Amino acid sequence: MNGPSKRTAVAHPNFALVKYWGKRDERLVLPHQSSVSLTASPLSVKTTVELGAGSEEVALNGREARGPERDRVLQLVRWASEAAGIRPGSIRVRSQGDFPEAAGLASSAAAFAALAVAVRSALGLPREPREESMLARRGSGSASRSVEGGVCVWERGARPDGRDSFARQMFPPEHWPSLRLVVAVLSREKKALSSREAMRLSVQTSPFYAAWVEDAEGMVTELAEAIRNRDLARTGELAELSSSRMHAVALAGRPPTLFFGPKTVEVLSRAREAREAGLPVWVTVDAGPNPVLLTDSAHQEAVAALARSAGALEVVGCELGGGARLVDEHLF
Ligand code: PMV
């Protein structure tokens with residue numbers, strides 16, 4: 001490279017309504033099934049990359065990353081450089097989120113999406129969401145869905161090289177301005193089992209895994225229709241169904257994986273009761289204890305109150321956000 005090159009990008013996390021659960025190719029991070037997510041603003045992660053600076057660093061949320069976490073970040077930068085035919089020299093990466101990491105709040109999705117956008121730009125490449133999504137995917141599967149905003153679908157693809165497995169926008173954020181995600185932080189602790197390991201267990205040992213895969217593409221089509229019609233009840237019902245089925249698959253593995261904590265169950269049962277009493281609220285849970293409640297702007301306050309009454313330490317109201325973007329304010 002001709003001298004150091006520094007770039008910074010910001011991305012929102014995303015929460016899947018039809019979940020991704022299980023890889024058909026671990027190295028390339030290719031899923032067994034397609035998934036659909038909502039990009040959540042204002043939560044965000046900022047990532048700065050500098051290539052050829054003379055010193056190597058990978059710092060995530062203020063601490064030096066080690067082991068596999070560090071390797072994943074450096075590897076992604078090397079893949080991007082190799083594809084561009086450029087030797088990156090020494091690599092410096094800093095990433096900073098404004099919400100708890102590794103607590104099932106999709107922090108890695110936003111971080112890897114921002115990294116993919118920043119590193120390609122640092123290599124002098126133009127913005128190409130499809131390429132950025134495929135690169136982000138290799139860092140963390142769900143990151144493929146944080147490159148673009150609004151509602152995104154990650155198509156599973158069929159090619160062994162993964163060149164047809166990327167996320168694209170289905171609907172822009174403006175499609176459904178009143179849609180709300182209420183993120184309930186029940187625990188700030190790092191989860192015991194990574195989603196990567198938990199998925200592997202499900203694929204290899206859950207007797208329900210094949211049924212999960214068979215079901216998913218139909219759910220994507222049904223959900224797309226519900227979102228197209230801004231049909232909150234149907235969208236919520238499908239989201240809760242996909243989440244429940246994902247957790248059932250994991251729970252049927254050997255050994256069983258249980259992500260819910262007591263407060264997660266409390267939120268689920270309170271939401272069900274409130275719904276029966278007329279509150280539009282549905283719950284989806286990723287690979288951790290923290291639930292995300294789906295509702296509309298008119299009921300956001302009532303849903304936040306429900307989450308607090310079930311023990312949430314913090315509640316963050318989100319709406320559909322835009323895609324990852326390059327910014328001028330670097331982290332170092
Ligand atoms: O991208 P990963 O490897 O962190 O996996 C994400 C898995 C879920 O969050 C549980 C589901 C999803 O589609 O985001």
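Read the numbers this way: they start at 1 and go in the same order the structure lists the ligands and their atoms. Since the structure is predicted, the reported quantities are computational estimates derived from the model, not experimental observations.
- Shown are R138, R137, R163; of these, the salt bridge (charged side-chain N to carboxylate O under 4.0 Å, His left out) with E131 is made only by R163.
- Here the closest non-hydrogen pair linking P173 and G321 is CG-O, 3.4 Å.
- Within the 6.0 Å centre-distance limit, the rings of Y209 and H32 are counted as a close aromatic pair.
- Every N/O-N/O distance between N14 and ligand 1 stays at or above 3.5 Å.
- Using a cut-off of 4.0 Å between Lys/Arg side-chain N and Asp/Glu carboxylate O, R159 and D161 are scored as salt-bridged.
- Looking only at protein heavy atoms, the nearest one to atom 11 (C) of ligand 1 is Y20 O, 3.4 Å.
- In terms of protein heavy atoms, atom 12 (C) of ligand 1 is closest to R145 NH2, 3.3 Å.
- Atoms of ligand 1 found under 4.0 Å from any heavy atom of K19 (numbered from 1 in listed order, with element): 11 (C), 13 (O).
- In this structure, of S140, S142, S146, the residue bringing a heavy atom nearest to atom 6 (C) of ligand 1 is S142.
- Aromatic ring centres of W154 and Y20: separated by under 6.0 Å.
- For the pair R228 and F171, the cation-pi criterion (under 6.0 Å, within 45° of the ring axis) is not fulfilled.
- No more than 12 heavy-atom neighbours from other residues, nucleotides or ligands sit within 6.0 angstrom of CD on E82.
- If you look at R196 next to ligand 1, there are no close heavy atoms at all, none under 4.0 Å.
- Summarising the geometry, atom CZ belonging to F259 is positioned 6.0 Å from atom CG belonging to L193; distances are rounded to the nearest 0.5 Å.
- Those atoms of ligand 1 with a heavy atom of A16 less than 4.0 angstrom away are 12 (C), 13 (O), 14 (O).
- When S108, S37, S195, A250 are checked for heavy-atom proximity to atom 2 (P) of ligand 1, S195 turns out nearest.
- The closest approach between A287 and ligand 1 falls below 4.0 Å for a heavy atom of the residue.
- Proximity to M246 (heavy-atom distance under 4.0 Å) selects the following atoms of ligand 1: 10 (C).
- In terms of protein heavy-atom proximity, atom 5 (O) of ligand 1 is closest to M199 CE, 3.2 Å.
- Contact atoms of ligand 1 toward G141: 1 (O) (distance under 4.0 Å to a heavy atom of the residue).
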